Undergrad: 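The structure under discussion is supplied below as structure tokens; questions concerning it will follow.
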Amino acid sequence: MNDRMMKAVLYDRYGGPDVLYVGRVPRPEPAPGEVLVKVRAFSVNSGELAARAGRLRLFTGRKFPQRVGLDFTGEVTALGAGATRFAVGDRIWGVLGRTSGFGSAAEYVTVPAERVGRVPDGLDLVDAAALPVATTAVTALRDKAGLRPGERLLVRGAAGGVGNAAVQLGRAYGAEVTALARAANVDFVRGLGAHRALDHRTVRPADLGRFDVVLDTAGPTCGPSGAC
Ligand SMILES: NC(=O)c1ccc[n+]([C@@H]2O[C@H](COP(=O)([O-])OP(=O)(O)OC[C@H]3O[C@@H](n4cnc5c(N)ncnc54)[C@H](OP(=O)(O)O)[C@@H]3O)[C@@H](O)[C@H]2O)c1
């Protein structure tokens, strides 16, 4: 393979995970203000699954092949003009922006330097790749809800990408955390620090009590029995 090309995960039609394959695409060059990143790991979040399945085709269109991956970790390997915040070799994490679209499931990505940050020392790059999606929980609990110690927090979808971070953050912020997850995930979310973990398929809203802050990552659907 010549060094102007790289491997990337692609798909030529909407569908399940079986539509994915590893193909070749041009290796990107960093524009002014951008860094070129050698990708070490990327995560798959739920919005991407919806895109690949074709449920967002109003936005994703009908042009193929399409790419996957938004979140990533890796090392800076080149700097565009004026990208002075980082040095070659820095371990960074980030999220691709709306303009670049999907594509972190690849050997390299280019990204504006302000969209990436340094991975804390001691944090493995594979583990770190699961965390960018979790920044939504920081925005929701700290910045929007202003969660305070002693408040009662309910996290719906607590085993998910955003929810599992919300449970841990809620606990770290000193809240009394109730987590809703499917039965198989109840022990998992309890292990993350939830004071109370309940099966969302059987518990009824009226049985939950009152909360100061509710973070609902699952949406407004409730089951036929009224369980949520
Ligand atoms: N705006 C942003 O910045 C941003 C960023 C990231 C995500 N999001 C959005 O946030 C939402 C969650 O994302 P995510 O990555 O955390 O998704 P995820 O990993 O798929 O987690 C969603 C969780 O919802 C639970 N769930 C599904 N159906 C449910 C139901 N009927 N009742 C109760 N719980 C149910 C599932 O729990 P069980 O498996 O335990 O059943 C699952 O763990 C998505 O809509 C995503 O697009 C937005």
Side-chain angles (χ1 to χ4, degrees), residues 1-14 17-53 56 59-61 63-139 143 160-162 164-165 168-169:
M1 182 172 58
N2 82 47
D3 65 2
R4 294 184 179 281
M5 301 296 282
M6 66 173 184
K7 288 187 279 188
V9 179
L10 307 170
Y11 59 98
D12 293 332
R13 60 186 166 86
Y14 293 122
D18 51 305
V19 302
L20 299 172
Y21 67 94
V22 176
R24 305 245 187 273
V25 298
R27 177 173 155 170
E29 298 285 340
E34 290 186 337
V35 293
L36 175 69
V37 180
K38 168 78 177 156
V39 175
R40 296 293 170 190
F42 63 93
S43 59
V44 179
N45 70 49
S46 58
E48 293 177 62
L49 301 184
R52 191 205 60 222
L56 306 178
F59 304 102
T60 51
K63 278 177 70 176
F64 295 97
Q66 296 213 11
R67 305 269 303 269
V68 297
L70 284 176
D71 304 348
F72 61 88
T73 60
E75 285 118 19
V76 174
T77 56
L79 303 166
T84 53
R85 284 183 59 218
F86 297 97
V88 169
D90 280 353
R91 289 167 13 110
I92 53 91
W93 57 9
V95 181
L96 295 180
R98 283 201 176 88
T99 48
S100 55
F102 298 107
S104 65
E107 289 183 275
Y108 294 89
V109 292
T110 50
V111 61
E114 69 267 16
R115 291 195 70 86
V116 298
R118 284 188 178 76
V119 172
D121 289 342
L123 188 56
D124 176 78
L125 286 179
V126 173
D127 292 344
L131 290 176
V133 70
T135 56
T136 301
V138 181
T139 306
D143 303 342
V162 177
N164 89 83
Q168 296 175 75
L169 281 169

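Heads up: numbering here begins at 1 and tracks the sequence. Computed over heavy atoms, backbone and side chain alike; hydrogens, waters and symmetry mates excluded. Keep in mind that this is a model prediction, so the values were computed, not measured.
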Undergrad: Report the distance from atom CE of M5 to atom OH of Y108, rounding to the nearest 0.5 Å.
TA: 14.0 Å
Undergrad: Which pair of non-hydrogen atoms, one from D124 and one from V126, has the smallest distance, and what is that distance?
TA: OD2-N, 2.9 Å
Undergrad: Testing the basics here: between A51 and T60, what is the closest heavy-atom pair and its distance to 0.1 Å?
TA: CB-CG2, 4.1 Å
Undergrad: Can you measure from CG (D71) to CH2 (W93) and round to the nearest 0.5 angstrom?
TA: 10.5 Å
Undergrad: Quick one: does R85's side chain have a donor or acceptor within less than 3.5 Å of a partner on A113's backbone?
TA: yes
Undergrad: Check whether any side-chain heavy atom of L10 sits under 4.5 Å from a side-chain heavy atom of F64, and report yes or no.
TA: no
Undergrad: Between V133 and V162, is there a side-chain heavy-atom distance shorter than 4.5 Å?
TA: yes
Undergrad: For the atom pair CD1 (I92) and OG1 (T73), what is the distance rounded to the nearest 0.5 Å?
TA: 7.5 Å
Undergrad: Above 12 or not: heavy atoms from other molecules or residues under 6.0 Å from CD of E114?
TA: yes
Undergrad: State, to 0.1 Å, how close R52 and Y11 come at their nearest heavy-atom pair, and which atoms those are.
TA: CA-OH, 3.5 Å
Undergrad: I need the minimum non-hydrogen distance between V68 and E48, along with the two atoms involved.
TA: C-OE1, 4.0 Å
Undergrad: Could you check whether any side-chain N or O of R91 sits under 3.5 Å from a backbone N or O of L123, counting only pairs where one atom can act as donor and the other as acceptor?
TA: yes
Undergrad: Can you confirm whether P28 sits close enough to L36 that some side-chain heavy atom of one is under 4.5 Å from a side-chain heavy atom of the other?
TA: yes
Undergrad: Looking at T139 and T135, would you say the former's side chain and the latter's main chain have a donor-acceptor pair under 3.5 Å?
TA: yes
Undergrad: Apply side chain to side chain contact (heavy atoms under 4.5 Å, CB included) to the pair M6 and V25, showing each step before the final yes or no.
TA: CA-CA 6 Å; M6 66 173 184; V25 298; 3.6 Å; yes
Undergrad: Are any side-chain N or O atoms of E75 and backbone N or O atoms of K38, one a donor and one an acceptor, separated by less than 3.5 Å?
TA: no
Undergrad: To the nearest 0.5 angstrom, please state how far the NZ atom of K7 sits from the CZ atom of R27.
TA: 13.0 Å
Undergrad: With the side chain counted from C-beta on, respond yes when V109 and F42 share a heavy-atom pair under 4.5 Å apart, and no when they do not.
TA: no
Undergrad: For G69, does its backbone N or O pair with a side-chain atom of S104 as donor and acceptor, under 3.5 Å?
TA: yes
Undergrad: Show the nearest heavy-atom pair for residues R40 and L125, with the distance to one decimal.
TA: CG-CD1, 3.6 Å
Undergrad: Is any side-chain heavy atom of Y21 closer than 4.5 Å to one of V9?
TA: no
Undergrad: Taking atom CZ of R13 and atom CD of Q66, what is their separation to the nearest 0.5 Å?
TA: 13.5 Å
Undergrad: Side chains of V35 and P30, heavy atoms from C-beta outward: is any pair under 4.5 Å?
TA: no
Undergrad: With rounding to the nearest 0.5 Å, note down the distance linking CG in L169 to CG in N164.
TA: 9.5 Å
Undergrad: If every non-hydrogen atom of R67 is compared with every non-hydrogen atom of G103, which pair is closest and at what distance?
TA: NH2-O, 2.9 Å
